[in-house]
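Right, one structure below, let's go through it.
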Amino acid sequence: MASIMNSLYNMRLLDDLSQKDTFVHRLHPLVKLLATVVYLTVVVSFGRYEISSLLVFLFYPVLIFAFAEIPVVPILKRLFIIEPLIIGIGILNPIFDHQFITFYGIEFSRGWVTLFSIIIKSGLTVTSALLLVATTGMDKLSGAMRMLKIPRIFIMQLLLTYRYITVMMEEVARTLRAYSLRAPNQKGIHRSAWGSLAGQLILRTFDRAQRIYQSMCLRGYTGEYNIGRQSPMNLYDLLYLTVWCLFFIIARIYNIPFIIGSFVTGGI
Amino acid sequence: MHMADALISPAVGGAMWAATGVVAVYSIKKIQDDLDDKKVPLMGVMGAFVFAAQMINFAIPATGSSGHIGGGLLLAILLGPYAGFLAMSSVLLIQALFFGDGGLLAFGCNVFNLGFYTCFIAYPFIYKRLINKGITAKRIFTASMISTLIGLQLGAFSVVIETLLSGKTELPFITFVMLMQPIHLAIGFVEGLVSAAVITFVWKERPEILENASMGVAIGNVSIKKVFIGFAIAVILIGGVFSLFASSNPDGLEWSMYKTAGKTELEASTRIHDILSTIQSKTAFLPDYDFKTNESEIVTSTDIGTSTSGLVGGALTLILLAFIGFGINVIKRRNKLSVK
Amino acid sequence: MSHHKLEVKDLNFMYPDGHKAINGISFCIHHGESVGIVGANGAGKSTLLMLIMGILFPTKGQVLIGDVKVTKSTLPMIRQRLGMVFQDPDDQLFMTTVYDDVAFGPRNYKLDEDEVHERVIEALELVGIAHLKDRAPFKLSGGEKRVAAMATVLSMQPDVLIMDEPTSSLDPKSRRRIMNILKGFDHTKIITSHDLDMIFDICHRVIVIKDGGIAADGITSEILSDSKLMDLCGLEVPLALQNCPCCRAKKS
Ligand SMILES: Nc1ncnc2c1ncn2[C@@H]1O[C@H](COP(=O)(O)OP(=O)(O)OP(=O)(O)O)[C@@H](O)[C@H]1O
Ligand SMILES: [Mg+2]
């Protein structure tokens, strides 16, 4: 129940945010998608003992947060919900990796370094994916996918899933509410109602799909899904993509925090 | 058991994307050949249903714990394997985009782990085989239980393999397997129970739904062969990519950009490089860049090896970041005020 | 104007489970008429509309739009001329934004994108929600959804507008808004509803359905004020026609 409300809130929030009008929002969706993919690939390409080189990659989310006027707290909240799942696997590292690295007399457990690296990486990757949606929105994102030649059938049903998630979640929430009102003090659905509760929902889902199909047919649907024109990319879009990609690649090759640090420590 | 971006390497992510892409394109082709345009809205809404239904807690008698339905098998049974696979992909894509559950790079892994094994292995080779003799409540129970268990076991094993091949963690293979498989055996048992109850209900109330799904698009009568070919292609693809990386990079399959990046850096004679090398030589107590991918050297050559500079630089980077982020915010707010 | 006529001849329909939902219905609706279809729950109103739209096909009898019979092969042509608004707007708004939803029909008829845009804006302005065009459907209120669903049909510029319970579960203001919008159309209108006051307000003609057959067909004010007939068909005389509840005085 609480999780349904949370999810509904989350989808609504991201959709609200994607309606904003900032220069990041106005960028071509394909450019944002590609930049995100390059970003993710580069971040993920770092080895398991990397930490400081990864810090530079914070620039990307921070700048987008700032320029797109995306509130930080709700996105971070989402991140903290996800993080335990990732740490779940990451935590095995300090448990199983007992090798120590000695450096200048300080002992580091490799496992903890790995875990820390995973946490940073997951923070960066999850945030950037959420920011992509928060600055683009599902409809424009699907337009970008169209430009990547992803088949219409897939996009159509993806959009339908997205559209009906809220409807279905509300339906599930109503059903659960009705159930819990008549079965107080139960943690979950009792065995006797397993089949009928979820089964009824499935049958209603089928009926709804039937009605949606009818309403599509009445408006001339013949299996072909027509999406409107795509706006072309302009110079700004290309510039945005190029600048970020260059930055990512440079930051991948050179350890920028290290260089900054060397300047400072070496200069003094 | 969603794989996260942070746990995979680009090579593994890319290979699984390719494999998933092959299966998806094939599935789309199958659906288009069927010319059943009713399927599209049904796939969409059923995907949404699975999404929502995963939030229903089914109390497991006498244990105090609860479980939920898994998506893959249910979708395969209700929509047929091809449409089920595609519907599962959309569910996972939306989870990755809106909820950060599994990432965009790991999307291929997740679709494969949660969609492929259920729709193209567990469903046709176990569920359908067991149900073929005619549907009864008992057969539904056995079939959904066994196919859920097997689907999940395959998926869990796949997670282990993908994680290990990615080399982002340092877990002994056996330990990891011994952890993952039993956990998913328990999860699978619960899922199997719930799925059986749900499918039995649907079968009793509206038997035509199950019949429609398994008829026209049945794997059994047309294309076991083709699925096998698809699977073989996927395996070869994955295997090929993996072995490529494995051979070029003996250490846990780090991405070879590591290597190439190192080389280009060493060979480059641009001005930036010159400047950088002077910096490096100035700070002589720090080891030079070394991209040799030898275990012990990796450690000393990257972060920890650059302790002081790393720390100072890292801290400065963070401060700079906070400053920039804060600055843009303030400027934006001022601009807004002045507009008003 | 014979091509704008809608004629139903001896219509019969049986659901696959053997339930006979429509038994020999015949009527003719002319251009510009607004007709209310009323009847108790389960009388067969929705089924009748689906037969007219060609979502279901009759077991006996026929539906003629102009001089064209509704069959599988004439459907694309028929559906361009009839627009139907469903009872649950969530079934009709299946795209991610209101704009795309309203554009869905015109795009399917392969209009070029400029004309699609024109039609979408026109339809949205007609129902007064041009400002909601970029909203996601799940962020609309019930009333807004209903109106948006109407726009999705209007953008196809149909000759006949068919609506299944347009005012159910709406608050009084939203209901009034829908009624005003409906009054503003000079389309042929066919409206089913349990909201008899609304029917009384909008439709000049009423067809009463009972157990899948026609119980009455005639001028709205005459039929809806016939309390015996209303009672027999599981309905009530609309409030607007009842005596004043305080002083029992007859309304003019
Ligand atoms: N899919 C179906 N299969 C079998 N019987 C059905 C089906 N749909 C409707 N019926 C039956 O057909 C009859 C007419 O149903 P219909 O939906 O047309 O009624 P209605 O007049 O629209 O009622 P309401 O005012 O409640 O909307 C009802 O008795 C109903 O039970
Ligand atoms: Mg009805």
Side-chain angles (χ1 to χ4, degrees), chain A residues 3-4 11 40-41 44-45 47-52 55 58 62 66 82 86 92-93 96-97 101 103 114 118 121-122 125-126 129 133 151 153 156-158 160-161 164-165 168-169 172 187-189 191 194-196 198-199 202 205 208-209 212-213 223 253 257-258 260-262 264-266, chain B residues 4-6 10 28 37-38 40-45 47-49 51-53 55 57-59 61 66 86 90 94 97-98 100 103-105 168-171 194 197-198 200-202 206 254-255 257 261 265 279 282-283 299 302-304 306 308-310 312-314 316-317 321 325 328-329:
Chain A
S3 62
I4 293 181
M11 296 197 76
L40 291 174
T41 313
V44 162
S45 75
R48 56 175 173 261
Y49 305 118
E50 296 271 0
I51 287 173
S52 82
L55 292 180
L58 270 169
V62 166
I82 291 300
I86 296 160
L92 298 173
N93 279 293
F96 288 108
D97 187 357
I101 306 155
F103 198 80
T114 311
I118 288 175
K121 271 186 227 150
S122 62
T125 51
V126 171
V133 181
I153 262 198
M156 181 73 189
Q157 58 102 22
L158 173 69
L160 281 169
T161 302
Y164 283 99
I165 279 175
M168 292 312 300
M169 285 208 275
V172 167
K187 253 192 170 167
I189 306 301
R191 174 128 209 224
W194 281 6
S196 52
I202 289 183
T205 309
R208 184 181 289 281
I212 293 166
Y213 174 67
I253 297 175
F258 166 71
I260 297 176
S262 306
V264 176
T265 48
Chain B
D5 277 350
I28 288 173
D37 49 5
K38 255 184 210 169
V40 175
L42 186 56
M43 283 154 72
V45 192
F49 164 79
F51 200 106
M55 297 177 186
N57 280 326
F58 296 93
S66 61
L86 293 175
S90 332
I94 291 173
L97 284 172
F98 284 80
L104 283 183
L105 290 183
K168 301 286 147 171
T169 59
E170 185 68 41
L171 305 175
V194 179
V198 174
T200 312
F201 179 87
V202 173
R206 298 261 287 271
E254 306 281 21
W255 195 27
M257 180 173 177
E265 199 242 358
I279 297 166
K282 258 190 190 174
T283 55
V299 177
T302 54
D303 273 12
I304 301 158
T306 57
T308 330
S309 319
V312 174
L316 284 176
T317 311
L321 260 171
I328 296 172
N329 244 332

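Letters A, B, ... mirror the listed sequences (proteins, then strands); counts begin at 1.
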> If you count heavy-atom pairs under 4.5 Å with chain A, which of B:L104, B:I328, B:I28, B:V202 comes out on top?
Replying inline: B:I328
> Between CZ of B:F49 and CD1 of A:I202, what distance do you get to the nearest 0.5 Å?
Replying inline: 4.0 Å
>> I'd like to know which of B:G47, B:S90, B:G325, B:A53 tops the heavy-atom pair count under 4.5 Å against chain A.
In response: B:S90
>> Less than 4.5 Å apart, side chain to side chain, heavy atoms only: is that true for A:I212 and A:Y164?
In response: yes
> How many angstroms lie between OG1 in A:T41 and CG in B:D5, if you round to the nearest 0.5 Å?
Replying inline: 8.5 Å
> Looking at A:K121, A:M11, A:Q157, which one has more heavy-atom pairs under 4.5 Å with chain B than the rest?
Replying inline: A:Q157
> Measuring heavy-atom distances to chain B, does A:L40 have an atom under 4.5 Å in its side chain, in its backbone, in both, or in neither?
Replying inline: both
>> Between B:F51 and chain A, with a heavy-atom cut-off of 4.5 Å, which part of the residue counts as in contact: side chain, backbone, both or neither?
In response: side chain
> Measuring heavy-atom distances to chain B, does A:V44 have an atom under 4.5 Å in its side chain, in its backbone, in both, or in neither?
Replying inline: both
>> To the closest 0.5 Å, what do you measure between CG (B:L42) and CZ (A:R208)?
In response: 13.0 Å
>> With a 4.5 angstrom heavy-atom cut-off, is it the side chain or the backbone of A:T205 that approaches chain B, or both, or neither?
In response: both
>> Tell me the closest heavy-atom pair linking A:V172 and B:A52, and the distance in Å.
In response: CG2-CB, 3.7 Å
> Less than 4.5 Å apart, any side-chain heavy atom of B:L105 and any of A:T125?
Replying inline: no
> Based on non-hydrogen pairs under 4.5 Å, which of B:T200, B:V40, B:L321 is most in contact with chain A?
Replying inline: B:L321
